[in-house]
Amino acid sequence: MRIISFTLPKPFPLLNHSIGQSRFALTGMRRKMARAVADAALHLRPSEPFQKAHVLIERYSAGTPDKDGLYGGAKFLVDALTTPRLLNVRTPGARQRVKNKRGLGFVVDDGPAHMELEVRAVKCRLCEQRTVVTITEVVA
């Protein structure tokens with residue numbers, strides 16, 4: 001059983017922050033999250049993505065968000081942890097499309113067959129805000 005843990009310097013943005021944003025702003029938010037995860041976990045990426053993993057995301061912030069905003073806001077972070085893969089293109093000569101091109105390859109997919117997700121909100125002082133991600137490989 002392998003465990004990977006890293007800390008992002010800021011709490012991840014909540015769902016309310018991304019509602020109503022343009023697709024360009026959302027793409028920027030996805031890109032920014034993938035870069036933050038890549039910087040924080042520079043030498044921690046496994047050679048092969050975990051087939052099944054328990055992912056614990058702890059958001060330390062001064063306020064306590066509601067549960068649906070907490071889980072919805074974690075989407076960009078969870079997408080950054082998964083593996084990019086090619087989609088089947090049925091039209092001959094069409095360009096290959098990639099699902100989740102910003103994935104960094106910690107876990108195969110974010111579906112329930114591959115990932116058990118747990119997101120917690122922890123109240124702290126303003127100067128101690130951060131996001132802690134712990135990925136534990138589940139061995140069947």
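Computed from a predicted model, the values in this text were never measured in an experiment. Below, all heavy atoms of this structure are taken into account, side chains as well, without hydrogens, waters or symmetry copies.
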Query raised in the report: Heavy atoms, side chains only, cut-off 4.5 Å: are Val138 and Phe50 in contact?
Result: no
Query raised in the report: Can you check whether Pro84 reaches Arg102 side chain to side chain, under 4.5 Å on heavy atoms?
Result: no
Requested in this report: Identify whether Phe76 and Val133 are in the same connected component of the hydrophobic contact network (ILVMFWY, side-chain heavy atoms under 4.5 Å).
Outcome: yes
Report summary line: When rounded to the nearest 0.5 Å, the distance separating OH of Tyr71 from CG of Asp66 is 12.5 Å
Query raised in the report: Under a single-linkage definition using a 4.5 Å side-chain heavy-atom cutoff for Ile, Leu, Val, Met, Phe, Trp and Tyr, are Met33 and Ile135 assigned to the same hydrophobic cluster?
Result: yes
**Report entry** Taking every non-hydrogen atom, the tightest pair across Ala80 and Ala34
**Finding:** CB-CA, 4.1 Å
Report task. Drop me the distance from Lys123's NZ to Glu128's CD, to the nearest 0.5 angstrom. Result -> 13.0 Å
Query - Side chain to side chain, Met115 and Val78, heavy atoms closer than 4.5 Å - result: yes
Report task. Could you pull out the closest heavy-atom pair between Ala25 and Gln21, with the gap in Å? Result -> CB-OE1, 3.4 Å
Report summary line: In short, Gln129 meets Pro11 closest at the heavy-atom pair CB-CD, 3.7 Å
Query raised in the report: Considering all heavy atoms of both residues, which atom of Arg2 and which atom of Glu48 are nearest to each other, and what is their separation?
Result: NH2-O, 4.2 Å
Query raised in the report: Side chain of Thr7, backbone of Val132: donor and acceptor closer than 3.5 Å?
Result: no
Report task. Check whether any side-chain heavy atom of Pro49 lies under 4.5 Å from a side-chain heavy atom of Val107, and answer yes or no. Result -> no
**Report entry** Flag if over 12 foreign heavy atoms under 6.0 Å of CZ, Arg23
**Finding:** no
Query raised in the report: Do the non-hydrogen side-chain atoms of Pro46 and Phe106 ever get within less than 4.5 Å of each other?
Result: yes
Query raised in the report: Got a salt bridge between Lys75 and Asp79, using NZ or NE/NH1/NH2 to carboxylate O under 4.0 Å?
Result: yes
Query raised in the report: Any link between Leu8 and Leu56 through a network of hydrophobic side chains (Ile, Leu, Val, Met, Phe, Trp, Tyr) touching at under 4.5 Å?
Result: no
Requested in this report: Identify the two heavy atoms, one from Asp109 and one from Thr82, that lie closest to each other, and give their separation to 0.1 Å.
Outcome: C-CG2, 3.7 Å
**Report entry** Check: Ile57 and Leu117 side chains under 4.5 Å, non-hydrogen atoms
**Finding:** yes
Query raised in the report: Between Arg59 (side chain) and Phe12 (backbone), is there a donor-acceptor pair under 3.5 Å?
Result: yes
Query - Spacing of CG belonging to Leu104 relative to CZ belonging to Arg35, to within rounding of 0.5 Å - result: 11.5 Å
Query raised in the report: If we only count heavy atoms from C-beta on, is the His114 to Gln51 side-chain gap below 4.5 Å?
Result: yes
Query - Minimum heavy-atom distance between Thr83 and Gly105, given as atom pair plus value - result: OG1-CA, 3.6 Å
**Report entry** Heavy-atom check, side chain of Leu15 versus side chain of Asp68, under 4.5 Å
**Finding:** no
Query raised in the report: How many angstroms lie between CG in Leu70 and CG in Asn16, if you round to the nearest 0.5 Å?
Result: 11.0 Å
